[in-house]
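Quick note on labels: first sequence line is chain A, next is B, and so on, each numbered from 1.
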Number of protein chains: 2
Amino acid sequence: MALKMRKNKSLQPPAPCLLAECMQVIAGAWAPNVIWCLRSGPRRFSELRADIPPVSAKVLSARLKELEERDVIVRHVRPTSPPSVEYELTEIGQELIPALEGIVRGGHKLKIRSGYYPSKAEADSNLAQALEPA
Amino acid sequence: MALKMRKNKSLQPPAPCLLAECMQVIAGAWAPNVIWCLRSGPRRFSELRADIPPVSAKVLSARLKELEERDVIVRHVRPTSPPSVEYELTEIGQELIPALEGIVRGGHKLKIRSGYYPSKAEADSNLAQALEPA
DNA sequence: CGGCATCCCAAGCGATACTG
DNA sequence: CAGTATCGCTTGGGATGCCG
């Protein structure tokens, strides 16, 4: 009857717990980008603003605060003449990088399959550039 | 050390392209769950509704439509007496599963590090249950 | 059963202006 | 430089009801 492999005992909500848990950290338009930008070392507020497209200061600080509360990043304040603040991934934050890499690779395959790159070489270089440390 | 590894040439927007690309597919509260639930075979509309927490019909159908447009899933209509519709992952959709697994593992480590499980055994079984096929 | 229509709310985000 | 405050828009989402 067509539904051969489906067990009729419902797939109990499979991973929604864990999936949702991590999705909340990852969610939003900017959080993943922040984590991604921090993966190769600490960055300052305005550096993040510049790196991440033009994210508004309000939203960026909101995300940073959230990520800090979740212990994904730490905030270092250096009391210099012009105030300087650095954000850095915690160990917990580092754990998320493989997940983001997975997403990047997934996005890459998506673009290859549907959108199409002009050439495979270009696709590969794009992926390599995306993944390379800095 | 603090800023040792930061190149002062700005980290050009590293992967936002690819990251954002895939994040848009993954984004929203339910899309990842849908893909996750479909990873072990086709499911029908109402099965998905039941499996995924209580997602409203409106939102579920909206997500399904989006995912179909992006060629992540396919819709099979079977013209039986009570109408029956099945959704299934396409090959493109399958490509996303590793990314989701990465997220699940990330969420798992997050819970271990911060929230804490009572015991490691329980943590492991939780992860295993989340990842097991069906 | 599957799914669209309507209403309505809350969160996310951007822009601008302002402070320490 | 590193934010906070305010405003207003746009989306995602829940609830309910109706239709094929």
A/Glu66 and A/Arg63: salt bridge (charged side-chain N to carboxylate O under 4.0 Å, His left out), yes or no, with the steps?
CA-CA 5 Å; A/Glu66 276 186 24; A/Arg63 292 298 135 248; 2.5 Å; yes

Just the rounded figure in Å: distance from [atom2] of [N] to [atom1] of [X].
X	N	atom1	atom2	result
B/Lys65	D/dG13	NZ	C1'	16 Å
A/Leu60	D/dG3	CG	P	8 Å
B/Arg63	D/dG14	CZ	C1'	13 Å
B/Leu64	D/dG13	CG	P	12 Å
B/Phe45	C/dC4	CZ	C1'	10 Å
A/Glu47	D/dC1	CD	P	10 Å
B/Gln24	D/dG12	CD	C1'	14 Å
B/Met23	D/dG12	CE	P	13 Å

Salt-bridge present (A/Glu47, A/Arg44; N to O < 4.0 Å):
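No, A/Glu47 and A/Arg44 are not salt-bridged.
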
At less than 4.0 Å, is any side-chain N or O atom of [X] found next to OP1 or OP2 of [N]? Yes or no.
X	N	result
B/Arg44	C/dG2	yes
A/Ser46	D/dA2	yes
A/Ser84	D/dC1	no

Start at the 5' end of DNA chain C and walk down; is the nucleotide closest to B/Ser61 or to A/Trp30 reached first?
B/Ser61

Let's see if you can work this out: which of [options] has an atom nearest to the side-chain heavy atoms of [X]?
X	options	answer
B/Val85	C/dG2, C/dC13, D/dT4	C/dG2
A/Lys58	D/dG14, C/dC4, D/dT6	D/dT6
B/Val59	D/dG13, C/dG20, D/dG20	D/dG13

Only one of B/Lys109, B/Lys111, B/Arg105 passes salt bridge (Lys or Arg N to Asp or Glu O under 4.0 Å) with A/Glu95, and that residue is B/Lys109

Taking every non-hydrogen atom, the tightest pair across B/Leu96 and A/Leu110:
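Closest approach of B/Leu96 to A/Leu110, heavy atoms only: CD2-CD1, 3.8 Å.
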
Any base atoms under 4.0 Å from B/Arg49, or only sugar-phosphate, or nothing? Heavy atoms, all strands.
nothing

NA contact type, B/Ala29, heavy-atom cut-off 4.0 Å: base, sugar-phosphate, or nothing?
sugar-phosphate

Toward the 5' end of DNA chain D, which comes first, B/Ala57 or B/Pro54, by nearest nucleotide?
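Comparing both residues, the 5'-ward one is B/Pro54.
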
Under a 3.5 Å distance rule, please check whether B/Arg49 uses its side chain to pair with a backbone N or O of B/Val55 as donor and acceptor.
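Yes, B/Arg49 side chain to B/Val55 backbone: donor-acceptor pair under 3.5 Å.
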
